[in-house]
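Have a look at the structure below, then the notes.
Quick caveat, the model's predicted, so the values are computed rather than measured. Side-chain atoms are counted along with the backbone in the values below, which use heavy atoms only and exclude waters and symmetry mates.
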Amino acid sequence: MHSHPDTRYTVGYIFSCQLCFLIMTLDVEFDLGIKKIGDNKWVGNKPLEKPNPLSRGAYGGNIAGQALLVAIKSAPEGFTPHSLHSLFTKAVDDTTPVVWETDEIHNGKSFCSRTVKALQDGTIKYLANVSLTKRNSFNEAKNLYDEWARNHKEGDEDDDPPSSKPFRFFVPYPEWLKNHSPESLEVSDFGCNNAVCKISPEFVSLDLTKDEDQARSSDRRQACYLQWGNDGEVKFTDPAFQFVGLGILSDSIFLTRIARVLRIPHLDHSQRLQYVSLSLDHVIYFHDADFDSTKWMGFAFKATRIANGRVLLEGELYNSDGRQVATVFQEGLVYFNGFEEGAKL
């Protein structure tokens with residue numbers, strides 16, 4: 001577990017078979033929470049953590065997650081994010097809380113938008129445009145339509161449906177995850193900042209995935225399971241923190257696994273490799289609000305382009321029912337320090 005010395009825990013006990021198990025619950029509503037300090041101005045309850053002690057600044061997933069929280073709190077009640085477009089402009093210091101400022105760009109009946117700025121010492125460290133909507137649940141839309149269909153009488157022209165009949169399609173669920181349930185896998189050390197990760201054998205074995213040698217580099221799709229916290233660590237009552245959790249998960253494994261996408265044969269892909277990687281921007285599209293970031297979510301991603309020291313990544317997040325609920329894009333700087341020798345392009 002990666003935790004800040006000031007991390008709050010709630011301690012509970014479960015008695016079973018005359019044994020007592022100590023359960024630690026992370027107080028994420030405090031650790032990642034914010035308080036209003038002025039018109040369109042908030043400050044974090046505490047500093048945001050680094051992904052590891054050697055990192056230049058705070059973990060990007062925590063920054064994006066808190067930015068989403070600020071946007072939700074600045075919007076009218078009932079609005080939730082459907083997109084975040086953001087830039088990491090400077091490293092966020094992990095010793096002082098972030099001050100957040102928002103600009104109200106648009107307020108409508110179904111959509112609103114905010115510009116969110118993260119500041120430290122008066123300097124903008126992160127900048128995001130967040131769009132929010134009131135209608136982002138497929139299940140809710142389907143239930144409303146089905147209820148109308150059950151009560152609708154043919155020929156009743158005044159009985160209009162609430163909307164057109166809902167339908168959808170999405171990127172197929174990853175084969176690696178179809179073959180391995182999260183219960184069958186062990187927790188790996190690839191996650192960070194309470195973004196817990198489980199990987200299948202195919203994720204780390206080049207021998208089990210030799211078919212990738214014949215595939216374009218840009219088509220090699222990796223997949224794993226992600227969950228916010230482990231074994232019930234993360235608890236919250238404010239539903240806005242579901243979006244904080246997804247923001248945290250969305251940045252947890254992208255840049256650290258590019259060597260696996262390149263199928264570099266002399267590296268041990270089961271280990272966390274140390275090379276220079278730095279997020280430049282981060283984009284999330286929330287297609288559906290029907291997800292629980294504290295349950296195992298499927299995550300699949302690929303590198304669509306590498307050139308000039310920059311890599312462009314595209315990923316899909318699936319809820320525990322296997323439905324795609326978010327798409328993530330990120331560009332980052334990557335310097336392999338010679339690791340790339342032998343890469344299969």
Side-chain angles (χ1 to χ4, degrees), residues 32 34 40-44 47-51 55-75 79-94 97-106 111-120 122-133 136 192-193 195 226 228 240-256 277-287 289 293 299 301 303-305 310-317 325-334:
L32 295 164
I34 55 174
N40 300 320
K41 197 168 185 178
W42 285 260
V43 65
L48 297 176
E49 300 175 24
K50 290 182 177 182
S55 298
R56 293 177 63 247
Y59 169 52
N62 285 347
I63 302 169
Q66 196 166 68
L68 289 166
L69 181 62
V70 171
I72 293 170
K73 296 305 180 184
S74 71
F79 282 81
T80 61
H82 80 82
S83 70
L84 171 140
H85 300 255
S86 65
L87 295 171
F88 298 97
T89 57
K90 292 187 177 182
V92 170
D93 187 273
D94 69 327
V98 173
V99 173
W100 295 93
E101 293 183 357
T102 63
D103 292 323
E104 295 186 4
I105 306 303
H106 170 70
F111 291 90
C112 68
S113 56
R114 299 288 185 269
T115 294
V116 180
K117 293 172 281 190
L119 298 100
Q120 288 179 323
T123 300
I124 296 176
K125 301 292 187 72
Y126 174 82
L127 181 66
N129 289 323
V130 183
S131 183
L132 305 98
T133 183
N136 205 26
C192 63
N193 292 79
L226 296 173
W228 192 21
F241 279 82
Q242 286 290 5
F243 297 91
V244 176
L246 194 143
I248 288 170
L249 297 181
S250 71
D251 190 38
S252 59
I253 198 170
F254 256 168
L255 289 175
T256 61
S277 61
L278 177 67
S279 301
L280 295 174
D281 58 26
H282 197 68
V283 177
I284 309 173
Y285 292 98
F286 296 89
H287 309 303
S293 54
F299 182 51
F301 67 95
T304 61
R305 180 178 174 81
R310 301 195 308 274
V311 57
L312 181 63
L313 297 148
E314 174 190 337
E316 298 83 35
L317 275 157
V325 293
T327 298
V328 185
F329 292 92
Q330 184 178 100
E331 187 173 52
L333 285 173
V334 177

Taking all non-hydrogen atoms of both residues, which atom of [X] and which atom of [Y] are closest, and how far apart?
X: Ala91; Y: Arg56; value: CB-O, 3.9 Å
X: Val43; Y: Pro97; value: CG2-CB, 4.0 Å
X: Pro81; Y: Phe286; value: O-CB, 3.4 Å
X: Asp94; Y: Pro47; value: O-CB, 3.2 Å
X: Ala303; Y: Val311; value: CB-CG2, 3.9 Å
X: Asn193; Y: Ile248; value: O-CG2, 3.9 Å

Side-chain contact test, heavy atoms from C-beta onward, threshold under 4.5 Å: evaluate it for [X] versus [Y] and give yes or no.
X: Lys117; Y: Asp103; result: yes
X: Phe301; Y: Val328; result: no
X: Phe241; Y: Leu69; result: yes
X: Arg114; Y: Asn40; result: no
X: Ile63; Y: Val98; result: no

Approximate separation, where rounding is to 0.5 Å, of [X] [atom1] and [Y] [atom2]:
X: Asp251; Y: His282; atom1: CG; atom2: NE2; answer: 5.0 Å
X: Lys125; Y: Leu48; atom1: NZ; atom2: CG; answer: 11.0 Å
X: Thr115; Y: Glu104; atom1: OG1; atom2: CD; answer: 11.0 Å
X: Glu331; Y: Leu255; atom1: CD; atom2: CG; answer: 10.0 Å
X: Thr80; Y: Leu132; atom1: OG1; atom2: CG; answer: 7.0 Å
X: Leu127; Y: Lys90; atom1: CG; atom2: NZ; answer: 13.5 Å

Checking the side chain of [X] only, and the main-chain atoms of [Y] only, is there a donor and an acceptor separated by less than 3.5 Å?
X: Asn129; Y: His85; answer: no
X: Arg305; Y: Leu313; answer: no
X: Gln66; Y: Leu32; answer: yes
X: Lys50; Y: Ser55; answer: yes
X: Ser277; Y: Thr256; answer: no

- request: Sort out for me which residue in Glu314, Glu316, His287 forms a side chain to side chain donor-acceptor pair (under 3.5 Å) with Thr327.
  value: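 Option passing the side chain to side chain donor-acceptor pair (under 3.5 Å) with Thr327: His287.
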task: Determine the interplanar angle of the Tyr126 and Trp100 rings, folded into 0 to 90°, and report it as parallel if under 30°, tilted if 30 to 60°, perpendicular if over 60°.
output: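 Answer is perpendicular, since the angle exceeds 60°.
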message: Using 30° and 60° as the class boundaries, would you call the ring planes of Phe254 and Phe299 parallel, tilted or perpendicular?
response: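 Tilted.
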query: Without hydrogens or angle criteria, can the side chains of Asn62 and Glu49 be said to hold a donor-acceptor pair below 3.5 Å?
result: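 No, no side-chain donor-acceptor pair sits under 3.5 Å.
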message: Quiz question: by atom type and distance under 3.5 Å, do the side chains of His106 and Ser113 form a donor-acceptor pair?
response: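 No - no donor-acceptor pair under 3.5 Å links their side chains.
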task: Name all residues meeting the ring pair (Phe, Tyr, Trp, His ring centres under 6.0 Å) criterion together with Tyr59; count only those two or more places apart in sequence or in a different chain, and write none if there are none.
output: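 In terms of ring pair (Phe, Tyr, Trp, His ring centres under 6.0 Å), with neighbours along the sequence ignored, Tyr59 is linked to no residue.
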- prompt: Are Glu101 and Ile124 close enough, and set up right, to give a side-chain contact (heavy atoms from CB on, under 4.5 Å), and what steps lead you there?
  reply: CA-CA 10 Å; Glu101 293 183 357; Ile124 296 176; over 6 Å; no
